[in-house]
Amino acid sequence: MEVAVLNIQGKETGRKITLSDDVFGIEPNNHVIYLDVKQYLANQRQGTHKSKERNEVAGSTRKIKKQKGTGTARAGSVKSPVFVGGGRIFGPRPKDYTQKLNKKVKRLARKSALSLKAKENSIIVVEDFNFETPKTKDFVNVLNSLGIQNKKSLFVLADINKNVYLSSRNLTSSNVVTFSELNTYAIVNVSNVVILESAVGAIESILTK
């Protein structure tokens, strides 16, 4: 499919670029998208949750009252889970939530996500640009020119561009990544994917290995 190349003023440059059907035009596989997103979110979990059980709580182990004759339930230790400050019953323990996924499945998921965006006409190709200094206002002007200022967006660069990245960092609705950092969750979690002209070929080369 052919897409017009825009400049940062949101106007057509007169050039068009052909997006590979092997990456942007396949039949999307929703199940592999689900698997890849699930793996990504699971791998973000630190798994450091922990609470103290009764054998880990600091406190005396003496019997706090006599066994019989008090009219209340028997109790042997202040560390019992039934008392305030006692241990927790079956509390959370550190756990590794990491999941593994076949490389071919992950590649298919990214191609499926990009194809979905292409079907929705949510992919914008912009000629390469840079800022002299990091300035959020300049990045906001680009969003306004492209008409996506009120939408979540993902900018995909061919190489690390510190000024562009720093200019976008204060905006919660926009994210800037290089083509090698592109993942399925980042694609499906936004309304528009903005790809710099030089990054199109890089994306196609890495997803058609």
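Closest heavy-atom contact between Lys104 and Asn102: N-OD1, 2.7 Å. Taking all atoms of both residues into account, the shortest heavy-atom contact from Ser191 to Lys151 is CB-CB, 4.0 Å. Ala158 and Ser198 make their closest contact through CB-OG, 3.3 Å (heavy atoms, listed as atom of the first residue, atom of the second, distance). Scanning all heavy atoms of the two residues, the minimum distance from Leu207 to Arg107 falls at O-CD, 3.3 Å.
The side-chain contact (heavy atoms from CB on, under 4.5 Å) check on Ile26 picks up Leu108, Lys111, Ser112, Ser115, with sequence neighbours excluded. Applying the side-chain hydrogen bond (donor to acceptor under 3.5 Å, both in side chains) test to Lys79 and every residue at least two apart in sequence or in another chain returns nothing. Tyr97 pairs by the ring pair (Phe, Tyr, Trp, His ring centres under 6.0 Å) definition with His49, not counting sequence neighbours. The ring pair (Phe, Tyr, Trp, His ring centres under 6.0 Å) check on Tyr185 picks up Tyr40, with sequence neighbours excluded. Annotation: side-chain contact (heavy atoms from CB on, under 4.5 Å) contacts of Ser51 (sequence neighbours excluded): Arg88, Pro92. Listed by chain and residue number, nothing satisfies the side-chain hydrogen bond (donor to acceptor under 3.5 Å, both in side chains) test with Asn121 (two or more places apart in sequence, or in another chain). Shown here are the side-chain contact (heavy atoms from CB on, under 4.5 Å) partners of Lys66, two or more places apart in sequence or in another chain: Thr70. Among residues two or more places apart in sequence or in another chain, the side-chain contact (heavy atoms from CB on, under 4.5 Å) test is passed with Ser145 by none. Partners of Phe131 under the ring pair (Phe, Tyr, Trp, His ring centres under 6.0 Å) rule, at least two apart in sequence or in another chain, are Phe129. Partners of Phe155 under the ring pair (Phe, Tyr, Trp, His ring centres under 6.0 Å) rule, at least two apart in sequence or in another chain, are Phe139.
Under the 4.5 Å side-chain criterion, counting only non-hydrogen atoms from C-beta, Lys117 is not in contact with Phe24. Considering only heavy atoms from C-beta on, Arg54 comes within 4.5 Å of Ser80 through its side chain. With contacts defined as side-chain heavy-atom distances shorter than 4.5 Å, the pair Leu116/Ile33 qualifies. Here the side chains of Ile203 and Leu114 are in contact, with some heavy-atom distance below 4.5 Å. Using a 4.5 Å heavy-atom threshold, the side chains of Ile206 and Leu182 count as separate. Taking 4.5 Å as the limit, some side-chain heavy atom of Leu171 sits within range of a side-chain heavy atom of Leu143. Looking at heavy atoms from C-beta onward, Pro134 lies out of side-chain contact with Arg169 at the 4.5 angstrom threshold. A 4.5 Å side-chain heavy-atom check between Ser122 and Asn192 finds at least one atom pair inside the cut-off.
Applying the side chain to side chain donor-acceptor pair (under 3.5 Å) test to every pair with at least one member in residues 1-30, sequence neighbours left out, gives these pairs: Arg15-Glu197. For residues 60-95, no pair satisfies ring pair (Phe, Tyr, Trp, His ring centres under 6.0 Å), with sequence neighbours left out.
Rounding to the nearest 0.5 Å places NZ of Lys106 at 6.5 Å from OG1 of Thr184. Here the straight-line distance linking atom CD1 of Ile148 with atom OG of Ser153 works out to 4.5 Å at 0.5 Å rounding. Once rounded to the nearest 0.5 Å, the distance linking CG of Asp96 with CD of Gln99 reads 10.0 Å. How far CD1 of Ile123 is from CD1 of Ile195: 5.0 Å, rounded to the nearest 0.5 Å. The distance from atom NE2 of His31 to atom CG of Leu35, rounded to the nearest 0.5 Å, is 4.0 Å. Rounding to the nearest 0.5 angstrom, the gap separating the CG atom in Leu196 from the CG atom in Leu157 is 5.5 Å.
In the hydrophobic cluster analysis, where Ile, Leu, Val, Met, Phe, Trp and Tyr join through side-chain heavy atoms closer than 4.5 angstrom, Ile17 is grouped together with Val193. A continuous path of hydrophobic side-chain contacts links Phe179 to Val23 [ILVMFWY only; heavy atoms under 4.5 Å]. Taken together through direct or relayed side-chain contacts under 4.5 Å among Ile, Leu, Val, Met, Phe, Trp and Tyr, Ile124 and Val164 form part of one hydrophobic cluster. In the hydrophobic clustering of this structure, Leu19 groups with Val156; members are Ile, Leu, Val, Met, Phe, Trp, Tyr whose side-chain heavy atoms approach within less than 4.5 Å, directly or through other members. Under the 4.5 Å side-chain heavy-atom criterion for ILVMFWY residues, no single connected hydrophobic cluster contains both Leu154 and Val176.
The backbone N or O of Glu53 sits less than 3.5 Å from a side-chain atom of Glu56, completing a donor-acceptor pair. For the pair Asp36 (side chain) and Val32 (backbone), a donor-acceptor distance under 3.5 Å is absent. Listed for the Ser205 side chain is a donor-acceptor partner under 3.5 Å among the backbone atoms of Ala202.
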message: Let's go through Asn175 and Val190 carefully: what are the C-alpha distance in whole Å and the side-chain angles of both, what is the deciding distance for side-chain contact (heavy atoms from CB on, under 4.5 Å) to 0.1 Å, and is it a yes or a no?
response: CA-CA 9 Å; Asn175 191 20; Val190 296; 5.8 Å; no

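In Lys135, the NZ atom is not crowded: 12 or fewer heavy atoms of neighbouring residues, nucleotides or ligands sit closer than 6.0 Å. No more than 12 heavy-atom neighbours from other residues, nucleotides or ligands sit within 6.0 angstrom of NZ on Lys52. Atom CG of Leu41 has more than 12 neighbouring heavy atoms from other residues, nucleotides or ligands inside a 6.0 Å radius. The 12-atom threshold is not exceeded at CG of Asp159, counting heavy atoms of other residues, nucleotides or ligands nearer than 6.0 Å.
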